[in-house]
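Input: a single structure, listed below in structure tokens.
Chain A is the first sequence line, chain B the second, and so forth, proteins listed ahead of strands; every chain is numbered from 1. Side chains included, hydrogens not; waters and symmetry mates left out as well; all remaining heavy atoms used.
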Protein chains: 2
Amino acid sequence: MNNKELSHVLARAELLCQERGVRLTEQRKTVLQLLCVSDKPLSAYELLDRMRGVVKNPAPPTVYRALDFLLEQGLVHKLESLHAYIGCAHPDHPHASQFLICDNCGEVAEVEDASVAKSLKAAGEAIGFHTRRPVVEVLGTCAQCTAKRNN
Amino acid sequence: MNNKELSHVLARAELLCQERGVRLTEQRKTVLQLLCVSDKPLSAYELLDRMRGVVKNPAPPTVYRALDFLLEQGLVHKLESLHAYIGCAHPDHPHASQFLICDNCGEVAEVEDASVAKSLKAAGEAIGFHTRRPVVEVLGTCAQCTAKRNN
DNA sequence: CGGTTTCGTGAAATAATATAACATCTGTCC
DNA sequence: GGACAGATGTTATATTATTTCACGAAACCG
């Protein structure tokens, strides 16, 4: 995420939290920023390391608490298959995203494919299942890495 | 999984492994059986506990090695969002399954929805992404639990 | 304003999940 | 039987996540 996007996301996060009557504290903002400026998903302990410069003596609960908050607010996502976290690419609206994760370079693309969401919903409804949170993470190789390998 | 299904799956597993020239050893078969007879997904350490009766002094690598093998052979699945493992409901053919996981009762339904698979594939291809393993786990409430709650 | 309640944080310990490294054994092939 | 590859035994350790209890800050309410 570049600087402009970061500013937008942070401003948007401030606004959303205000609207919702929840508090985007310094620690929470720090974690959100760290995730947004990272070019790859970060594990909780990587975040912990990077917080050392900013927060005094952070412990695991420090980062997990911030992550819990940000996840609840839809400002970050957890990538279950990587045990890692990533800033949400479009926090502007509630959404069910899918993630395309490159095994090779670690790049993660967050996409919002209506057709995927729809067919998933339908598959659940077919057996009376009520969806709370869909986890859709596709592991594979991104276009760039595929191209490189074929050279 | 009932007894008849278990027999079928085990027989099928034996056959598949023979065809592929890989060895379904006692330990591996034990892990597969434990997963199949369980009515819910098991974590690696739950498996470890249940192996104590069968295998002498099992250690974590014992169970993780067996799981790695079984995952490779498509005989079990890993549920990333639960850190747990489950016997494959239909090992007869290679497949990309989706899992509907009930938060309330822990029941997991493995479904193979062609429409989901297709739209996911398309979403990847749209950006040149080459899929290796799709992880699709829908967290929510099963029909039974929804009904109970509304009573 | 002062009291209270709620939410957020600090800190230490520990639980749960997963892997590394290296030695030993077992089955298969020639 | 000797050599090789694959499977297992064993100990230690890495990584991810939660519990618990004490303390502090902000919002709420009179």
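For the segment residues 28-41 of chain A, the set of residues with a heavy atom within less than 4.0 Å of an atom of DNA chain C comprises A/Arg28, in numerical order.
In this structure, CG in B/Leu100 is found 8.0 Å from CG in A/Leu120, a value given to the nearest 0.5 Å.
Summarising the local packing, NZ of B/Lys40 is surrounded by more than 12 heavy atoms from other residues, nucleotides or ligands at distances under 6.0 Å. Dense packing is recorded around CD of A/Glu5, with more than 12 heavy atoms of other residues, nucleotides or ligands lying under 6.0 Å away.
Put simply, CG on B/Leu67 is 15 Å from P on D/dA7, counting in whole angstrom units. If you measure from atom CD of A/Gln27 to atom C1' of C/dG8, you get 8 Å, rounded to the nearest angstrom. What separates CG of A/Leu24 from P of D/dA26 is a distance of 15 Å, to the nearest Å. Straight-line distance from the NZ atom of B/Lys56 to the P atom of C/dT24: 14 Å, rounded to whole Å. B/Leu48 places its CG atom 11 Å from the P atom of C/dT17, with the value rounded to the nearest Å. When rounded to the nearest whole Å, the span between CZ of A/Arg23 and P of D/dA26 equals 7 Å. One interatomic measurement links the two molecules: CD of A/Gln73 to P of C/dC7, which rounds to 13 Å at whole-angstrom precision. Taking atom CG of B/Leu47 as the reference point, atom P of C/dA16 lies 15 Å away to the nearest angstrom.
At least one side-chain nitrogen or oxygen of B/Ser43 sits closer than 4.0 Å to the OP1 or OP2 atom of C/dT17. Between A/His83 and D/dA17 there is a side-chain N or O to OP1 or OP2 distance below 4.0 Å. OP1 or OP2 of C/dG8 has not a single side-chain nitrogen or oxygen of A/Tyr64 nearer than 4.0 Å. At least one side-chain nitrogen or oxygen of A/Asn57 sits closer than 4.0 Å to the OP1 or OP2 atom of C/dA11.
Ring-plane geometry between A/His83 and B/His83 is classed as parallel, the angle between the planes falling under 30 degrees on a 0 to 90 degree scale with a further cut at 60.
Axis angle, first five pairs versus last five pairs of the helix from C/dC1-D/dG30 to C/dC30-D/dG1: 30°, rounded to 10°.
Electrostatic pairing of B/Arg50 and B/Glu46 does not count as a salt bridge here, judged by no charged N lying under 4.0 Å from a carboxylate O. Using a 4.0 Å cut-off between a side-chain N of Lys or Arg and a carboxylate O of Asp or Glu, A/Glu80 and B/Lys78 do not qualify as a salt bridge.
Side chains of B/Glu137 and B/Ser81: a donor on one and an acceptor on the other come within 3.5 Å. In this structure, a donor-acceptor pair under 3.5 Å is present between the side chains of A/Ser97 and A/Glu110.
In terms of position on DNA chain C, the residue among B/Arg65 and B/Lys78 whose nearest nucleotide sits closer to the 5' end is B/Lys78. A residue-by-residue look at A/Phe69 and B/Leu82 shows that A/Phe69 has its nearest nucleotide of DNA chain C further toward the 5' end.
The two residues A/Cys102 and A/Thr141 come nearest to each other via the heavy atoms SG-CA, 3.9 Å.
Residue A/Tyr45 places a side-chain atom within donor-acceptor reach of the base of D/dA17, judged by atom type and a 3.5 Å distance cut-off alone.
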### Message
Please determine whether ring pair (Phe, Tyr, Trp, His ring centres under 6.0 Å) holds for the pair A/His77 and A/Tyr85, giving the CA-CA distance in whole Å, both sets of side-chain angles, and the decisive distance to 0.1 Å.
### Response
CA-CA 6 Å; A/His77 297 291; A/Tyr85 304 83; over 10 Å; no
